[in-house]
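Heads up, the thing below is written out as structure tokens.
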Number of protein chains: 2
Amino acid sequence: MPVSLSAVRNDGPFPPFLAAPGPDGTPLTLNDHLRLIHGSSSRLHFRRNETIFGEGDPADHVYRVLTGTVRLCRYLQDGRRHVGDFVFAGDLMGFLECPHHPVTAEAVGDITLVSYPRSAVEWLARFAPGIRGRIASHLSSTPLEAQQHLFVLGCQPARERVASFLVRLANRNDAAEGDTLDIAMSRQDIADHLAMTVETVCRMLALLKAEGAIVVPNASQVILKDLAALRVRAVES
Amino acid sequence: MPVSLSAVRNDGPFPPFLAAPGPDGTPLTLNDHLRLIHGSSSRLHFRRNETIFGEGDPADHVYRVLTGTVRLCRYLQDGRRHVGDFVFAGDLMGFLECPHHPVTAEAVGDITLVSYPRSAVEWLARFAPGIRGRIASHLSSTPLEAQQHLFVLGCQPARERVASFLVRLANRNDAAEGDTLDIAMSRQDIADHLAMTVETVCRMLALLKAEGAIVVPNASQVILKDLAALRVRAVES
DNA sequence: CGGGTTCTTGAGTGTCCTCAATCCTAGTGG
DNA sequence: CCACTAGGATTGAGGACACTCAAGAACCCG
């Protein structure tokens, strides 16, 4: 579903007001920037487990997740799956560096997103370089983060992996002790992300529960009972 | 050891001949480009296990490895080490995206390298954008590669990890069946890279030997007896 | 309310790690 | 030139952790 670019001409000079903060002195937000190419964007909906783009597809769009969660994964010859990362509401998702998508993007639940043609985003990025960094090719947004996950997977035992995952979710949501985390993804998604089995994910959640670090009222929620205890287990980020 | 920039003025216009192939029609090589900022570079030597730069140091230089091999690693609170990647002779190494080095760089054996001030490289990159991609912040040179290693560490058993490592070395050296690979790094380096123990690395090498895939004349050489067998074990790259 | 999917828990097994001993190699000093 | 030594490499035995297989529980959807 390619979008006509005629609505906005993307080869002209950049609006000068963008270089400076807004008229009221507040700095321009990501939204302010993206609004500029709103004319060439389109809103999309996907149902649970639907594919947004497949590995190898031309990477000609960049997406902004409005609601829901997306998983970025790769399928292997033997049918196994590896979930490289999750993209949450508010995040940008795309691979400007690559001609083709290096991963498959799938909807964890029902989701809404906005797609921007690559050309429009690159036009924007030429004048607002910060944009590039905000685009969550999450697999390697910074070398440090990539290292981090590599280490979690390689060197951490099961309980620590799950703790790291929960802490990351908590940080992402600015959750404090006692808050309830909504876990959008399935146990299988988590397992494939942390390179373990579903059973082990369950067991480690049960363990953290037994240790008093969390409460698990239902499969899609976790209450952070003792965030400090979790952070001790988790790898610092 | 900051290098004076006065030898080369890096704020002038870019030499026009760089935009086009050389006078004889051959495209300009990486060396041709780097020669332009040769004046601000300096040659360095390090002995085995010496530190080139430490994690957290300001990333104000980019390096080109002339001879030897470098390992990029992180040290953890509990004293463990994770080797994110190796950088080989001919590769560039640096972190233009980061203000501080996210990893420690150490000499695997005695090495020679050339350091370029960050400012000089960024001046160069402005006109020869390909340079950026050639700079081996190997941890994430492409999202796909980072994913690859993540998967090897997360989902592959010990023998497959070692096979993947050997295949990568073989590819890097354009080695064919029957060729001898020189393994510059120690078993411990390999173990910390593949997230296993030294003992398991040895055992897996012995296993691949027993399977007829390789011959191990000594600790620092491997003869590729059956490259196809190795590739079957390894993750496709 | 029933069927299906997902989650959870249990039992047994295999892989890899830990600990320990030995071998090999390179470097050193006599 | 050779014995000695120290560090790394290799091999073996035993144990811990996570996986596989399997069954039951909880949840969601029609």
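Heavy-atom basis, side chains included; hydrogens, waters and symmetry copies ignored. Letters A, B, ... are given to chains in the order of the sequence lines, protein chains preceding strands, and every chain is numbered from 1.
The two residues A:Glu106 and A:Ile52 have their closest heavy-atom pair at C-CD1, 4.0 Å. In plain terms, the two heavy atoms of B:Ala89 and B:Thr67 that are nearest each other are CB-CA, 4.1 Å. Of all non-hydrogen atoms in A:Leu153 and B:Gly154, the two that sit nearest each other are CD2-CA, 4.2 Å.
To the nearest angstrom, P of C:dT5 lies 22 Å from CE of A:Met185. Counting to the nearest Å, the P atom of C:dT15 and the CD atom of B:Glu199 are 18 Å from each other. Distance, A:Gln156 CD to C:dC17 C1': 15 Å, rounded to whole Å. Taking atom CE of A:Met204 as the reference point, atom P of C:dT8 lies 13 Å away to the nearest angstrom. Rounded to whole angstrom, the span from the CZ atom of A:Arg203 across to the P atom of D:dA16 amounts to 18 Å. Atom CZ in B:Arg80 sits roughly 11 Å away from atom P in C:dC17 (whole-Å rounding). Residue B:Leu194 contributes atom CG, which lies 15 Å from atom C1' of C:dC17 at whole-angstrom precision. The separation between B:Leu205 atom CG and D:dT11 atom C1' is 13 Å, rounded to whole Å.
Relative orientation of the A:Phe53 and A:His101 rings is parallel, given thresholds of 30° and 60° on the angle between their planes.
Residues B:Val201 and A:Arg159 each lie close to DNA chain D; by heavy-atom proximity, the contact nearer the 5' end of the strand is made by B:Val201.
Contact of A:Gln188 with C:dC7 (side chain to base): no donor-acceptor pair of N or O atoms is detected under 3.5 Å.
Taking only side-chain nitrogens and oxygens, A:Arg187 comes nearer than 4.0 Å to OP1 or OP2 of C:dT8. The phosphate of C:dC17 has OP1 or OP2 within less than 4.0 Å of a side-chain N or O from B:Thr197. Close to C:dC17, at under 4.0 Å from its OP1 or OP2, lies a side-chain N or O of B:Thr200.
For the 3.5 Å distance criterion, the side chains of A:Arg231 and A:Asn171 qualify, holding a donor opposite an acceptor.
Of the candidates C:dC17, D:dA18, C:dT9, C:dC17 carries the atom nearest the B:Met196 side chain, counting heavy atoms from C-beta on.
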